[in-house]
2 protein chains.
Amino acid sequence: MISSDLLKGSLKTIVLKLLKEEGPMHGYAITRKTEELSGGKIKLTYGAIYPLLHKLKNEKMLVTASEIINNRVRIYYALTPKGHSLVDEKIKELKEFIDSIQLVIDPPKGISYA
Amino acid sequence: MISSDLLKGSLKTIVLKLLKEEGPMHGYAITRKTEELSGGKIKLTYGAIYPLLHKLKNEKMLVTASEIINNRVRIYYALTPKGHSLVDEKIKELKEFIDSIQLVIDPPKGISYA
DNA sequence: TTGCAATATATAAAAAACTTATATATAATG
DNA sequence: CATTATATATAAGTTTTTTATATATTGCAA
């Protein structure tokens, strides 16, 4: 299980990327899928995921469609065009971040700025 | 320049790792070195770095030694044994995190849990 | 048939981390 | 003389996330 500190800041990126790859999803399914894909390492909390989805909808990054399955409400979230652009941007940022942080915590041997 | 959202949560790991690799450093030097190693991509702010150093000292992860250079105070921070254990733990977590998040944003082809 | 686990969403209160702005002080450079 | 670099500090505010709680249905097992 990943320290939740590290998850901060990448939650939004994970959610957006999943919606891009999998198509419209509801909040509960997003937490399930993330857990699956990460082999149980990443667990999103509902207190984080639902407010985030509401916020992204407010910002016009997502739109919703409701459905009733077995007398239970499901709210599917789908990317808007604006949301699609945001995913691409966020993924780029995340990859840059991973590269940069690896340079810091594991500098290539032979390179020294001292 | 990396989105500051992503930096949240890994700031502590960066600082601890640098102290492990480079030996005792002062706050200003930590920000400089991080910028250097990341090729200018990661810029730590003083409002984040100094409170963090104080906190880690409070928690007995770091000890300090002051020095006067050119009439300016420098406060060197060094890892305690407890701090050394924390670095190892944090680095392990960070690597696990990077692996996990890559599984989520870029799942290996052919693998599906659906 | 009762209770628990899974499904599904929601929100309030609190904590934590970080940004922004500000303050102070010296030295070097143009 | 003004700006940039060095060096630390902290208060106020924002944002994000955790924790806790609430609601409701379905399915399974004891």
Side-chain angles (χ1 to χ4, degrees), chain A residues 1-16 24-36 40 42-59 61-62 64-77 90 93-94 97 101 113, chain B residues 1-16 24-36 40 42-59 61-62 64-77 90 93-94 97 101 113:
Chain A
M1 174 71 174
I2 296 297
S3 153
S4 61
D5 281 6
L6 289 169
L7 223 41
K8 295 180 185 183
S10 39
L11 175 59
K12 190 189 285 187
T13 306
I14 290 173
V15 169
L16 290 168
M25 298 177 86
H26 54 102
Y28 189 77
I30 291 172
T31 69
R32 286 287 79 77
K33 190 72 185 176
T34 301
E35 207 178 326
E36 258 177 22
I42 299 181
K43 293 187 188 184
L44 311 181
T45 61
Y46 305 127
I49 196 94
Y50 289 113
L52 174 62
L53 289 170
H54 299 334
K55 194 184 164 232
L56 287 170
K57 187 187 176 184
N58 254 14
E59 295 169 353
M61 300 297 174
L62 304 176
T64 55
S66 293
E67 196 186 19
I68 307 274
I69 299 280
N70 288 341
N71 289 319
R72 279 196 228 90
V73 177
R74 262 192 201 169
I75 305 171
Y76 284 90
Y77 289 85
K90 282 280 163 194
E93 264 178 19
L94 182 56
F97 169 70
I101 204 156
Y113 301 84
Chain B
M1 174 74 174
I2 296 297
S3 152
S4 63
D5 282 7
L6 290 169
L7 224 40
K8 293 180 186 183
S10 39
L11 176 58
K12 189 189 285 185
T13 305
I14 290 173
V15 169
L16 290 167
M25 296 177 88
H26 53 103
Y28 188 75
I30 291 172
T31 69
R32 285 287 80 78
K33 190 72 184 176
T34 302
E35 208 179 325
E36 258 178 26
I42 300 183
K43 293 186 188 187
L44 311 181
T45 61
Y46 304 126
I49 197 93
Y50 289 113
L52 174 62
L53 290 170
H54 301 333
K55 195 186 164 228
L56 288 170
K57 187 189 175 182
N58 254 14
E59 294 169 355
M61 300 299 173
L62 303 177
T64 54
S66 292
E67 198 187 18
I68 308 273
I69 299 279
N70 286 341
N71 291 317
R72 277 197 229 93
V73 178
R74 262 193 203 167
I75 305 172
Y76 283 90
Y77 289 85
K90 282 282 162 192
E93 264 179 17
L94 182 56
F97 169 71
I101 203 155
Y113 302 84

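So that the names make sense, note that chain A is the first sequence line, chain B the second, and so on, each numbered from 1.
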#### Entry: Polar contact flag, side-chain donor to acceptor under 3.5 angstrom, B:T31-B:K43
no
### Query
B:I69 near the nucleic acid: base, sugar-phosphate alone, or nothing, with a heavy-atom cut-off under 4.0 Å?
nothing
## Note on the structure
Of the candidates C:dC18, C:dT11, D:dA7, the side chain of A:P51 sits closest to C:dT11
### Task
Would you mind reading off the distance between B:L53 atom CG and D:dT10 atom P, rounded to a whole angstrom?
12 Å
#### Entry: Nucleotide nearest B:Y77 when distance is taken to its side chain, options D:dA7, D:dA9, D:dT17
D:dA9
### Task
Look at the aromatic rings of B:H54 and B:Y77 and report parallel, tilted or perpendicular, splitting at 30° and 60°.
tilted
### Query
Considering only C:dA10, D:dT26, C:dA17, which nucleotide approaches the side chain of A:Y46 most closely?
C:dA10
### Query
With a non-hydrogen cut-off below 4.0 angstrom, is B:I75 in contact with a base, only sugar-phosphate, or nothing?
sugar-phosphate
### Summary
Out of C:dA10, C:dT19, D:dT26, minimum distance to the side chain of B:A48 belongs to C:dT19
### Within 45° cone of A:Y76 ring axis and under 6.0 Å: A:R74 NZ or CZ
no
### Task
Identify whether any heavy atom of B:G47 sits under 4.0 Å from a base atom; if not, whether one sits that close to sugar-phosphate; answer base, sugar-phosphate or nothing.
base
### Query
Counting any heavy atom closer than 4.0 Å, what does A:K43 reach on the DNA or RNA strands: base, sugar-phosphate only, or nothing?
nothing
